[in-house]
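Working notes, structure below.
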Amino acid sequence: AEAACDLLLTSSLDPEDCPGSITVFKENLMLTVPSGHPFANRPHVHLKELMNEDFVASKPTSVYRKIMAYYFEQAGFKPRIVLDSDYSSIIKSLVQSGIGVAIMPEYTWEEAADAHLAFIPIVDPPCYRYLKLVWNSDTYITHAVTLFKNYIIEFFKELEKKTATP
């Protein structure tokens, strides 16, 4: 699928750039629970504290799910995933309804706008992903694609400035 598109924005555990890719954003991953959940008012959680929770997650074939599997392995357990979806809005709705908890990106899934959910930092292990922009460096890139690539890079530079801790 990657060869069939001009640009691909994807998640990664690896911050290193290589020919045909650039890391545009490092994003914290947050425990997401309904506002009435016992963890909702916690300042942070350790991932291993979640071993008895039911999880709502992205589809098993997604890169994001593979990133989550890495962190669960680091914490020493396999999560009990009760439902999965390709859509962040559905994952949020399922969490809000109490079906399970989720691990969601801090900014790019726009979860902070939802008052019915709580977002708790995960401190052990610290969980994050890198957003990478990827293209085929062996093929010609049109001017329009170059402009769009530069726009995406600038967009995430601005997001990083807005989200940086003072």
Side-chain angles (χ1 to χ4, degrees), residues 1-2 5 7-15 23-134 151-166:
E2 291 180 29
C5 61
L7 295 172
L8 173 69
L9 188 62
T10 188
S11 296
S12 176
L13 281 167
D14 182 8
T23 299
V24 293
F25 195 64
K26 179 182 178 182
E27 184 170 32
N28 292 321
L29 304 177
M30 310 285 277
L31 171 64
T32 307
V33 299
S35 56
H37 189 279
F39 289 139
N41 294 315
R42 297 267 305 269
H44 61 266
V45 295
H46 297 260
L47 198 55
K48 64 185 173 195
E49 294 179 84
L50 308 177
M51 67 175 40
N52 295 318
E53 296 288 331
D54 290 335
F55 281 86
V56 179
S58 54
K59 294 281 188 183
T61 54
S62 76
V63 174
Y64 187 73
R65 176 83 165 257
K66 290 173 175 63
I67 290 170
M68 294 317 314
Y70 169 81
Y71 286 117
F72 286 124
E73 185 178 313
Q74 296 297 306
F77 73 98
K78 188 174 181 179
R80 187 172 55 236
I81 297 173
V82 294
L83 283 170
D84 53 37
S85 173
D86 282 333
Y87 301 99
S88 60
S89 59
I90 292 174
I91 292 172
K92 287 169 51 174
S93 294
L94 292 169
V95 170
Q96 186 176 331
S97 67
I99 301 284
V101 302
I103 307 295
M104 297 180 70
E106 185 173 16
Y107 298 107
T108 57
W109 286 7
E110 298 181 14
E111 67 277 340
D114 197 322
H116 302 290
L117 296 173
F119 305 93
I120 302 100
I122 302 166
V123 296
D124 185 27
C127 297
Y128 47 84
R129 69 171 177 169
Y130 295 95
L131 287 177
K132 296 186 103 163
L133 188 59
V134 180
Y151 170 80
I152 292 170
I153 292 167
E154 287 305 312
F155 173 86
F156 281 104
K157 280 182 184 175
E158 289 301 313
L159 181 58
E160 189 171 352
K161 286 179 192 173
K162 291 178 188 174
T163 60
T165 341

Indicate the atoms forming the closest heavy-atom contact of [X] with [Y], along with that distance.
X      : Y     : value
Ile120 : Pro43 : CG2-C, 4.2 Å
Lys132 : Ser12 : CD-CB, 3.6 Å
Pro34  : Ala40 : O-CB, 3.8 Å
Pro60  : Arg65 : N-NH1, 3.3 Å
Met104 : Ser88 : CE-O, 4.4 Å
Ile122 : Met30 : CD1-C, 4.1 Å

| field | Geometric class of the Tyr107/Phe25 ring pair [parallel <30°, tilted 30-60°, perpendicular >60°] | value | perpendicular

side-chain hydrogen bond (donor to acceptor under 3.5 Å, both in side chains) partners for [X], two or more places apart:
X      : answer
Thr10  : none
Lys162 : none
Ser62  : Ser58
Asp86  : none

Taken to the nearest 0.5 Å, the spacing of Phe55 CZ from Thr32 OG1 works out to 10.5 Å

Out of curiosity, Cys127 SG to Leu47 CG, how far, rounded to the nearest 0.5 Å?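 Cys127 SG to Leu47 CG: 5.0 Å, rounded to 0.5 Å.
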
I want to check something: taking the side chain as every heavy atom from C-beta on, are [X] and [Y] in contact at a cut-off of under 4.5 Å?
X      : Y      : answer
Glu27  : Leu131 : yes
Val24  : Phe155 : no
Pro15  : Lys26  : no
Phe119 : Glu106 : no

Just distance, no hydrogens or angles: give the donor-acceptor pairs under 3.5 Å from side chains in residues 66-79, sequence neighbours left out.
unit_1, atom_1, unit_2, atom_2, d
Lys66, NZ, Thr61, O, 3.3
Tyr71, OH, Tyr128, N, 3.3
Tyr71, OH, Tyr128, O, 2.8

Asp14, CG atom: more than 12 neighbouring heavy atoms under 6.0 Å:
yes

How would you list, by chain and number, every residue that makes a side chain to side chain contact (heavy atoms under 4.5 Å, CB included) with [X], sequence neighbours excluded?
X     : answer
Asn52 : none
Ile99 : Val56, Val82, Leu83, Leu94, Ser97
Ser85 : Tyr87, Ile90, Ile91
Leu7  : Leu133, Trp135, Val145, Phe148, Lys149, Ile152

Residue pairs passing the salt bridge (charged side-chain N to carboxylate O under 4.0 Å, His left out) test where at least one lies in residues 50-61, sequence neighbours excluded
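As it turns out, the salt bridge (charged side-chain N to carboxylate O under 4.0 Å, His left out) pairs with a partner in residues 50-61, which skip direct neighbours, are Asp54-Arg80, Lys59-Asp84.
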
Does anything in residues 31-43 pair up under salt bridge (charged side-chain N to carboxylate O under 4.0 Å, His left out), and if so which pairs, sequence neighbours excluded?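 For residues 31-43, and leaving out neighbouring residues, the salt bridge (charged side-chain N to carboxylate O under 4.0 Å, His left out) pairs sorted by first residue read Arg42-Glu49.
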
Inset, instruction - Please confirm whether the backbone N or O of Lys48 pairs with a side-chain atom of His46, one donor and one acceptor, at under 3.5 Å? - result: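 No; zero donor-acceptor contacts below 3.5 Å.
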
With sequence neighbours left out, the residues meeting salt bridge (Lys or Arg N to Asp or Glu O under 4.0 Å) with Lys157 are Glu154

